[in-house]
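In the text below, chain A, chain B and the rest are named by the order of the sequence lines, each starting its count at 1.
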Amino acid sequence: MSSSAALALIEFTARRVFSGKRLWAAIVLLAIPPLVAALLVALARQRAGTPVHFDGITFNLSLYLTLVLTAMIYGVALTSSEIEDGTAGYVLLGACPRWMVALAHVLVTSPLLAALTTASIAATYGIASISPVGVPERGPSVIATDAFVASVALTVYLAFFVFCGYAFKHNMAVSIGTVLVWEFIMPALPTKFMNYTVVMNTRILWLHLTQQGERGRWFRGVVGFDVPTYAEASMFLSVAAALFLTLGMVAAMNRSLAGREGGT
Amino acid sequence: MAIVDQSYQPWSGDLQPRRRRIGAMVRVGIRQAYAGLMAKILLLSTYLMVFGTIGILFIASTFQQSVAIVSGNNIYRFYLGSIFPTGILIMTLAALVGGRSIANDLRFNAVSMYFSKAITRTDYLVGKWATVSAFLLSGTLVPALLLWICQWAISREEISAGSRAMDLLALTGHSLVIVLPIAMYALALSSLSRNAFVPGILWVMTFFGSIIVSGILTERVEEDWCKLVSWHNLATRLGEALYEKRVVKVQALGSNLMPIEGTMPYPWYVPAAILGGITLVSALFVLWRMRKFEGQE
Amino acid sequence: MNVLETNSLSKRYGRLAALQDLTLTVPGGAVGLLGPNGAGKSTLIKILLGLIPATAGSAAVFGLDVRRFRLHVRQQVGYMPENESFIPGLDAVRYVYLAGRLIGMPHIDAMQRTHIVLNYVGLGEERYRPMQDYSTGMKQKVKFAQAIVHHPKLLLLDEPTSGLDPRAREEMLGLIRDVAHGKGIHVIISTHILPDVEATCDDVVIMDRGALVQQGPIKGLSAGGDGYDVRIKGDRDAFLRALLAHACEAEAHEDGRIRVRFAHGTPGTDPILRASVEAKVQLRHLERCRASLEELFGSVLSRSRNGS
Amino acid sequence: MSDAVIRADRLNKWYGSVIALNDVSLEIPPGITGLLGPNGAGKTTFMRIAIGLLRPSSGAVEVAGEDPWNNLAHNLRTGYCPEHDGFYEWMTGRAFVRWLLRLRGRSRAEARDGAHRALERVRLLDAADRAVGTYSRGMRQRLKIAQALAHDAKLLFLDEPLTGTDPLVRAELIDLIRSFEREGRSVLVSSHVLHEIEALTRSIVLFHRGRLVATGDIHEIRSLIDRHPHSVSVRSSRARELAAALVRDETVAEVSIPAERSLLVRTRRPDEFYGRLPQIALELGCEVEEVSSPDDNLEAVFRYLTER
């Protein structure tokens, strides 16, 4: 294996992030938080005293809906769609070992998506700070913190999707189904299992970093829910990321790609 | 001995009008929608839940307990108006069945069969709409009917036959209000892509997104229109308007249970106009997309 | 009444002209629509079905304008698309039944006809299995069945043998031949595979780059085969030398075929027989030149391209 | 045959309970080899195992002496043209080939030149800077071949490269594939159409229902059929006289006259019969217009080998 092939793999993976319909879907998704902020700002102009709450948008949109769905769109596009379209073979038959292809999928795509998410968060912050009330005064450091949290979560999600893509035959159904149930429905149910969802741990990380661990107005609907510590949440996320990354690399090494003829 | 010629014979006969063709399309489509494993599991769990509820209520009634949820038209209103399980269930079913209905036709090229037959784009759209709606009704209307019967059986109030009939109409209307816009919107998304999961994700995104954004807005702005942003609120508000307003006349266990009240002060035609608008725009979008796809192989 | 009439039909996709001023009259029978990839055959068929509007000109099927009466036209026409076409989760019976119902056939008729045509195309018990599990040949048969379920007056087949193995192809050609003769169905086959047309059609229409190149009966077009195609087993060079000695021009092809022409007219097969005896080779195959349509196709196309 | 480029030993591949390859052991020599069999015979599965995309359920395969699975050196030596189209539709053809070259370790400059050469080779330069989404079927086929040969692969796997191409394109592709052999590359071409393979090579491998049926030279396989009875159809103006003469010959088992001027002869010793037929006809002085046998072509070999 040559270094130029590895370089090409990184470039190629990055190039694919900015192509096709999925880019548009991601842009629409990432535009939602700034748009909501803009709406709130416009309303605050009309009626003095309407608070524009940047943290609320981050908590509910940037680190929840937008984050999970962006990861889902790209996660599926990285492996499942490639295998289904029949393009996966070209990349796997290159000069880079397969584990490296899986690794590049996750480690190249997640910083780029994190950058896009950061842009979205920064735009939200910028728009929200037009309004006099409700914007945290910690300055741009809060953006950096949010971006960090988002990139951690994205890495976990992408690793999971890459793993599912290589490991399962019905990879789309498995990965999307799991994420929908575990990450969307589970955090809405008042059970202890919500402590083990990526969404919750991400937001707990965020809670500790930006709200000093105070639950305050967040999670208030949940009765008897103990917020894990920063250490617990970061441990959970890093273990999940490492686990799925490893499993994904192993799965990539063992994935057989049948043609459409033999697939049934 | 008589030998009957069983080889290929020419056929001639009268052809039926267009509405019968659409009817056939719907029948075959529904059969196909039920073929999916996921859809079966989801529906089955819903029915288990509904029957479980009914069972518990029957047990309660054998102990001469009157339960608040059985009084008035609470029980099916509650079922149809709640976000969990009904809202989530309908969302998932629509993502599964609505999402793939046109996308799979494009991907497996069934459109070239449909449009080489004597149907127009509008017929196709109406057929698909009816198919997805009818399928979704099995997750709303049918359980609601079961609950209506259950209410009739065990509630302790005196309800006139007219009121019962009105309730029946209302729950049918409520189910349609929930299902029809969702089905059309899912079809619009479905015509976007050949890949069935894309429309599914987009629809889930719309549903959750609208609820979350509406939640943020409601909390921040505290204005009434913020509630209109949520898809679920719209359908519930419009559905609520259909029910007969009457006072519950019986003292029941747990009577502090909140009946779903129309918390949105807007008249019924506002959500109706919004949902109708979404449906219309979606329909036009599908027609426009199919115009593009009709030209392909 | 003519099965098909077009009048200076044109279709443009942006700058690309898929059909250019095509005026064509097809009286009926089994007609092969021949042309290379991108000749405009599929575009023509889609216009005939009313799927896409023509940029200019008009087309009529059985005298019915394809735009104004497109549903009527489609009730008279059966169409077999080129690419695979099915509804996942549906079995062949439901699929063909649906096709019949969409034409407007009543329930009972559609069910009966479904089984008749599935028997006719030779699909057995597999018809009750979901179609995504079918082999290419079976999918192709179902596509054919759904096109004839309502006994159309005109059958449009787009590349009916593409991707089939020899046996499946032979079966498909047999079906087409059978349906095109004596069943009262006119057939138009769009293809680039010449032997298919030879095996099934009486007339041929050759298209290239959206324009009509040539039209006529196959016999007329492929006539002029003055010579024989021979296959032998044994010493080929000796045979060729012996042929030369009998004043024959021989041309050996890569697929083992030897084309023999006579310098002076056609004095029968005697020289070939003699040459084979002299060269002590086995005469495995002897036939008048027939596969000249392929060459004709090539020459017609290059002529039309050079001329334009 | 120690110089075999591909060697398979007791290869099996299942998908669930479906068996795609059943106990295949074979050796493929350098040069062009045709992989022949009907749809679903296991050709694609075999190729994908040999290219390293599929792992066999049991057994081993060696390509150039090495296991292809997760073998980077093997990836660089081989090129694969898949049967079905899989492209990044938004990319241009040139970018596609260039990216794949870079993924195989070429520098930017090398990749640019290599892509240009490969596209020139398959005559796709005109369309190289258009998005793949706009390509026609023939262009897609060429692009797939271009990416397979761009990195100077010594061994090419072409899965159904000729399917769906019109005669003009097919002739071009056949020339191209033959030129690979002259450059010293080995090529494995799969097809279900016999005459495509016949035009390419003499060395074939025959698959049927996941089993290896025959391997070797077409001539060797041909000679197989001569150990079995043939029916030969002869057309002659004096059919009855010829029949009488033939019946007396010891190689002939049976003669029937299905139509006037037409004979059907059954022989148990085809080799001798074909040698004697011209002699007998000449001695009798009767014109033979046509000799043909359904049992004397590759389709028959195929039928015979697969149906026993």
Side-chain angles (χ1 to χ4, degrees), chain C residues 13 16 34-39 82 133 135-138 140 159 161-170 191-195 208 228-234 253-257 268-270 272-278 280-288 290 294-295 297-298 301-302, chain D residues 37-41 83 134 136-139 141 160 163-171 174 178 191-196 198-200 218-219 222-223 226 230 232 234-236 270-279 281-282 285 287-293 296-299 302-303 306:
Chain C
Y13 295 105
L16 186 81
L34 264 176
N37 297 338
E82 174 187 0
D133 302 341
S135 68
T136 318
M138 278 150 77
Q140 206 78 359
E159 304 282 357
T161 61
S162 110
L164 293 181
D165 58 51
R167 191 172 315 176
R169 176 169 166 264
E170 213 38 67
T191 183
H192 58 251
I193 303 169
L194 305 151
D208 186 35
Y228 286 89
D229 278 342
V230 181
R231 284 171 193 277
I232 56 155
K233 185 178 174 184
H253 288 252
E254 265 154 3
D255 56 1
R257 192 158 45 94
T269 57
D270 263 18
I272 299 173
L273 297 184
R274 276 182 214 291
S276 74
V277 172
E278 284 162 21
K280 295 196 173 54
V281 297
Q282 299 173 21
L283 186 67
R284 286 290 175 126
H285 184 89
L286 172 72
E287 193 182 28
R288 271 193 97 91
R290 199 166 54 83
E294 187 143 12
E295 291 146 353
F297 185 57
L301 283 193
S302 61
Chain D
N39 294 331
E83 176 184 3
T134 65
S136 72
R137 186 174 287 203
M139 290 174 173
Q141 215 64 33
E160 306 269 359
T163 300
T165 52
D166 64 57
L168 307 176
V169 176
R170 184 159 52 231
I174 286 178
R178 290 170 68 94
S191 174
H192 54 244
V193 184
L194 301 155
H195 61 84
E196 288 179 358
E198 263 190 310
L200 274 172
I218 284 186
H219 288 307
R222 259 179 187 285
S223 67
D226 292 339
H230 276 203
V232 185
V234 182
R235 284 173 61 84
S236 168
D271 265 328
E272 292 169 50
F273 171 77
Y274 285 116
R276 284 193 206 172
L277 177 64
Q279 184 77 53
L282 284 175
E287 175 90 337
V288 173
E289 289 159 11
E290 197 177 302
V291 178
S292 66
S293 167
D296 186 49
N297 54 30
L298 216 45
E299 312 252 350
F302 204 73
R303 217 165 31 232
T306 56

Looking only at D:Leu277, D:Asp271, D:Val288, most heavy-atom pairs under 4.5 Å shared with chain C are made by D:Asp271
What part of D:Ser292 gets closer than 4.5 Å to chain C, counting heavy atoms only: side chain, backbone, both or neither?
both
Whatever's closer than 4.5 Å to a heavy atom in chain C on D:Glu289 counts as backbone
Indicate yes or no for a side-chain donor-acceptor contact from D:His192 to the backbone of C:Leu164 under 3.5 Å, with no hydrogens or angles considered.
yes
Under 4.5 Å from any heavy atom of chain D - which part of C:Ser135:
neither
Looking only at heavy atoms, what is the nearest atom pair of C:Gly137 and C:Ala168, with distance?
CA-CB, 4.4 Å
To the closest 0.5 Å, what do you measure between CD (D:Gln279) and NZ (C:Lys280)?
9.5 Å
Under the side chain to side chain contact (heavy atoms under 4.5 Å, CB included) rule, collect the residues that match up with C:Glu278, sequence neighbours excluded.
C:Ala242, C:His246, C:Arg274
